[in-house]
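Written below as structure tokens is the structure these notes are about.
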2 protein chains.
Amino acid sequence: MSNTEASLLPLIESGPGAGTPCCPPLTERPFTADEAETAARMFKALGDPVRLRLFSSIASHAGGEACVCDISDVGVSQPTVSHHLKKLKEAGLLSSERRGTWVYYRIEPSALAAMGGLLTAPPASA
Amino acid sequence: MSNTEASLLPLIESGPGAGTPCCPPLTERPFTADEAETAARMFKALGDPVRLRLFSSIASHAGGEACVCDISDVGVSQPTVSHHLKKLKEAGLLSSERRGTWVYYRIEPSALAAMGGLLTAPPASA
DNA sequence: ACAAGACATCGATGAATGTCGAATCAAAGG
DNA sequence: CCTTTGATTCGACATTCATCGATGTCTTGT
């Protein structure tokens with residue numbers, strides 16, 4: 001009931017205005033403090049080996065989604081897996097949905113695109 | 001343990017074989033433990049607001065390089081700036097060179113490309 | 001109603017991290 | 001040689017983080 005996650009600002013807008021990433025490419029101009037704060041949250045979310053394996057497992061799964069039971073074999077305990085999935089969800093990289101007994105996690109494509117946009121840097125055109 | 005950094009594996013090959021990134025795209029298949037360990041180091045390096053501002057400042061600077069004195073205005077002390085630049089260098093994202101009084105840091109383009117490659121994910125083709 | 005399975009939350013703990021001031025090193029100039 | 005300026009290293013500290021076992025919640029099947 002405690003909707004703690006509602007207080008977290010979404011890193012990627014999912015409603016109208018979607019497709020407008022949080023920040024320009026890293027090479028375009030120096031980031032402001034706010035932009036850096038926002039973008040760093042996403043990078044930090046993927047800056048852990050366990051989270052990266054979980055994310056990769058889900059992303060490469062059929063349909064871009066997977067149930068927890070299918071990706072829990074990453075060498076850490078079940079509560080730890082749950083903890084990391086929560087972190088990825090809070091960073092806006094995943095969304096979850098319960099279907100019967102199982103909970104399915106799904107990749108948030110816009111977040112993936114936003115991070116790719118930060119690193120896509122063709123400065124030759126300028 | 002004097003040469004601590006020498007024990008760190010390079011994240012990006014800079015000799016022959018350059019252009020072969022450390023890992024496939026995140027969406028291609030589940031990462032192995034080793035791949036996750038390698039890729040997570042790069043993401044973690046950019047997972048700090050100060051480091052992200054420093055990196056962005058250098059990347060957007062003319063010539064893709066900048067001296068420390070030009071990018072030290074990020075709200076933290078100068079030793080802290082030096083500390084973060086060292087971290088970025090250890091992650092393979094920057095290289096440094098002393099020219100007279102000043103030290104210049106430069107973006108490592110292959111590292112930027114490698115990270116972009118991880119996030120470049122057109123799963124629609126499958 | 002009860003038991004079992006899947007997943008989340010809680011509380012604790014050891015390790016890693018970001019930050020600073022002081023000290024140190026390196027180059028340039030008087 | 002000594003001082004000044006730019007940058008790194010050192011030592012210390014507070015905070016954050018990853019991890020675990022125990023417990024709680026939700027759903028299904030008996």
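Computed from a prediction, not measured in an experiment: that's the story for all the values here. We name chains A, B, ... by the order of the sequence lines, and we start the count at 1 in each one.
Of the side-chain N and O atoms in S82(B), none sit less than 4.0 angstrom from OP1 or OP2 of dA7(D). Taking side-chain N and O atoms only, H83(B) has no distance below 4.0 Å to OP1 or OP2 of dT9(D). Taking side-chain N and O atoms only, T80(B) has no distance below 4.0 Å to OP1 or OP2 of dT19(C). In this structure, R51(A) reaches the dA18(D) phosphate: one of its side-chain N or O atoms is under 4.0 Å from OP1 or OP2. In terms of phosphate contacts, K44(A) brings no side-chain nitrogen or oxygen within less than 4.0 Å of OP1 or OP2 of dT16(D).
Checking S95(A) against K89(A) by side-chain atom types alone, no donor-acceptor pair falls below 3.5 Å.
Taking the nucleotide of DNA chain D with the nearest heavy atom to each of K87(A) and W102(B), the more 5' of the two is matched to W102(B).
The CZ-C1' distance, from R99(B) to dA28(C), rounds to 17 Å in whole Å. The distance from atom NE2 of H84(B) to atom P of dT17(C) is 12 Å, rounded to the nearest whole Å. Rounding to whole angstrom units, CD of residue E97(B) and C1' of dT8(D) are separated by 17 Å. Atom pair K89(B):NZ and dA7(D):P shows a separation of 14 Å (rounding to whole Å applied). Rounded to whole Å, atom C1' of dA15(C) lies 13 Å from atom CG of D48(A). Between K86(B) atom NZ and dG18(C) atom P the separation is 13 Å, expressed in whole Å. For the pair E37(B) CD and dA16(C) P, the interatomic distance rounds to 12 Å; values are reported in whole Å. Taking atom CG of D70(B) as the reference point, atom P of dG6(D) lies 11 Å away to the nearest angstrom.
Residue T101(A) places its side chain closer to dT28(D) than to any other of dA8(C), dT28(D), dT8(D). Among the nucleotides dC20(D), dT19(C), dT9(D), the one closest to the side chain of P79(B) is dT9(D). Looking at the side chain of C67(B), the nearest of the listed nucleotides dA7(D), dA8(C), dC20(D) is dA7(D). Closest approach to the V68(A) side chain among dC20(C), dA26(C), dC7(C) is made by dC7(C) (side chain taken as heavy atoms from C-beta onward).
Cluster annotation: L94(B) is connected to V103(B) through the hydrophobic network of ILVMFWY side chains, with a link wherever side-chain heavy atoms come within less than 4.5 Å.
Note that NZ of K87(B) and OG of S82(B) are 12.5 Å apart. Values are rounded to the nearest 0.5 Å.
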Do any side-chain atoms of residues 65-77 of chain A form donor-acceptor pairs under 3.5 angstrom with protein atoms, and if so which ones, sequence neighbours left out?
| from | atom 1 | to | atom 2 | distance (Å) |
| --- | --- | --- | --- | --- |
| E65(A) | OE1 | R106(A) | NH2 | 2.4 |
| E65(A) | OE2 | R99(A) | NH2 | 2.5 |
| S72(A) | OG | V68(A) | O | 2.6 |
| S77(A) | OG | T80(A) | OG1 | 3.0 |

Tell me which donor-acceptor pairs under 3.5 Å the side chains of residues 42-52 of chain A have, and how far apart each pair is, sequence neighbours excluded?
| from | atom 1 | to | atom 2 | distance (Å) |
| --- | --- | --- | --- | --- |
| D48(A) | OD1 | V50(A) | N | 2.9 |
| D48(A) | OD1 | R51(A) | N | 3.1 |
| R51(A) | NE | A45(A) | O | 2.6 |
| R51(A) | NH1 | H84(A) | ND1 | 3.1 |
| R51(A) | NH2 | K44(A) | O | 3.3 |

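Note on Y105(A): only backbone sugar-phosphate atoms sit closer than 4.0 angstrom, heavy atoms only; bases stay farther off.
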